[in-house]
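Read through the structure below, which is laid out as structure tokens, and then see the notes.
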Protein chains: 2
Amino acid sequence: MYIVIMKADDLHHLIWMSRPLMQAAEACVEAGLDGTGLTVRMRAVLEILHRHGAQTVPDIAGRLEINRQYVQVMCNEVLASGFVEQRENPRHKRSPLLALTDRGRDLFQETLSRDLMLLDEIGAALPAEDVSKALGVVLAVTSLLKKTAGERQ
Amino acid sequence: MYIVIMKADDLHHLIWMSRPLMQAAEACVEAGLDGTGLTVRMRAVLEILHRHGAQTVPDIAGRLEINRQYVQVMCNEVLASGFVEQRENPRHKRSPLLALTDRGRDLFQETLSRDLMLLDEIGAALPAEDVSKALGVVLAVTSLLKKTAGERQ
DNA sequence: GTCAAATTGACATGTATATTGTCATCATGA
DNA sequence: TCATGATGACAATATACATGTCAATTTGAC
């Protein structure tokens, strides 16, 4: 009985820590972007292009799970910044591929490596096994919550 | 080396799961609030009052870590809803205490118990120890990220 | 090859969730 | 009593989306 109560309590706390965690992470990324001319949402586009290579705007929207029109705005911003350029798309003449420019790639790799260093620092304080278990729990909880939200409707 | 890479990767994933987790949790709460006349942010106020007893608006803002002016708006909503009422504050004549009305208490307890049932259900699929460790990791990561964001500025 | 249907980019509008700033009023405590 | 601070109200701004529409063009089925 006691254990059950404790668990629900921890679970409750875990779930409601998601917002502070997200805010802290975003603040951290934002602070790391200071001076680069990038915003967090521009960085998101660069990350997709870095990880998955050249993509069209609708492709990026799909990966970000954000609607096409808003991602279009984000992409226009990175295009204007010069960190991304349009390339001809052999598969669709009116929908160019967006690709990182050399400047964009350099910049993103720089911020990425700084972020990875930070992750290593943070990770140093935590047992690898705990991190991996935490990820498992969070993934499971998220998927169960999603399912429940659907059912509750 | 391999382990370090794995850990940073898991950590990265864990951190960026915070948004989907939060969204899933909010969607779930919202679905559970359907028909009660409450919104998620109104519920947040009720939860504070339920857990900590009667509070002033600035007190609630402090606990929610949201700025005073916005919490004022949230509180005005719950006051209008009739689930919360103003009481005289012996410590400050211009700043009344907000307290749950009987209706508010009943309603909140009902939604709370439904949510606790859900938590138990979700918890049933997870070892208590893992949940507790996950919470520990998330708390640690959040606090380290907050610290870093501050330093990076 | 033709033509209907789908895709794309652009733009306008709406909404939720905040933050920031200002101001008058009033309470508190030195 | 009087400076200081707390409170509530209001306005402006920002961010992060969703939705809807439209023209141009592309694709694919026939």
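Taking the nucleotide of DNA chain D with the nearest heavy atom to each of A:V40 and A:P90, the more 5' of the two is matched to A:V40.
Close to C:dG9, at under 4.0 Å from its OP1 or OP2, lies no side-chain N or O of A:N76.
For B:R19, whose side chain is taken as the heavy atoms from C-beta onward, the closest listed nucleotide among D:dC17, D:dT7, C:dT20 is D:dC17. Of the candidates C:dC26, D:dA18, C:dT17, C:dC26 carries the atom nearest the B:R94 side chain, counting heavy atoms from C-beta on. Comparing C:dT8, D:dC17, C:dA10 against the side chain of A:P58 picks out C:dT8 as the nearest. With distances taken from any side-chain atom of A:P96 to the nucleotides C:dG9, D:dA9, C:dT17, the minimum falls on C:dG9. Side-chain proximity of A:S95 to the nucleotides C:dT25, D:dT21, C:dG9 is greatest for C:dG9. Relative to the side chain of B:Q69, the nucleotides D:dA9, C:dT19, C:dA10 differ in distance, and D:dA9 lies closest.
Distance, A:R43 CZ to D:dA16 P: 14 Å, rounded to whole Å. With rounding to whole Å, B:N89 atom CG is found 12 Å from D:dA6 atom C1'. Note: CD (B:E30) to C1' (C:dT15) measures 13 Å, nearest angstrom. Atom CD of A:Q23 and atom C1' of D:dT15 are 13 Å apart (whole Å). Atom pair A:N67:CG and C:dG9:P shows a separation of 14 Å (rounding to whole Å applied). Across the protein-nucleic acid pair, A:Q72 atom CD and D:dC22 atom P stand 19 Å apart, rounded to whole Å. Taking atom OH of residue A:Y70 and atom C1' of nucleotide C:dA12, one finds them 16 Å apart after rounding to whole Å. Rounded to whole Å, the distance from CZ on B:R91 to C1' on C:dC26 is 18 Å.
Each of B:M22 and A:V40 belongs to its own hydrophobic cluster when Ile, Leu, Val, Met, Phe, Trp and Tyr are linked at side-chain heavy-atom distances under 4.5 angstrom.
Annotation: ring-ring contact (aromatic ring centres under 6.0 Å, His included) contacts involving residues 36-66 of chain B, sequence neighbours excluded, comprise B:H50-B:F108.
With A:L64 as the partner, the side chain to side chain contact (heavy atoms under 4.5 Å, CB included) test is satisfied by one option alone out of A:M74, A:E47, A:R41: A:M74.
Contact annotation for B:V73: no contact, since no heavy-atom pair falls under 4.0 Å across all strands. As judged by a 4.0 angstrom heavy-atom cut-off over every strand, B:R68 is placed among the base-contacting residues.
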Test side-chain contact (heavy atoms from CB on, under 4.5 Å) on A:S81 and A:V78; report intermediate values, then the result. CA-CA 5 Å; A:S81 74; A:V78 279; 4.2 Å; yes
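Using a cut-off of 4.0 Å between Lys/Arg side-chain N and Asp/Glu carboxylate O, A:E26 and B:R19 are scored as salt-bridged.
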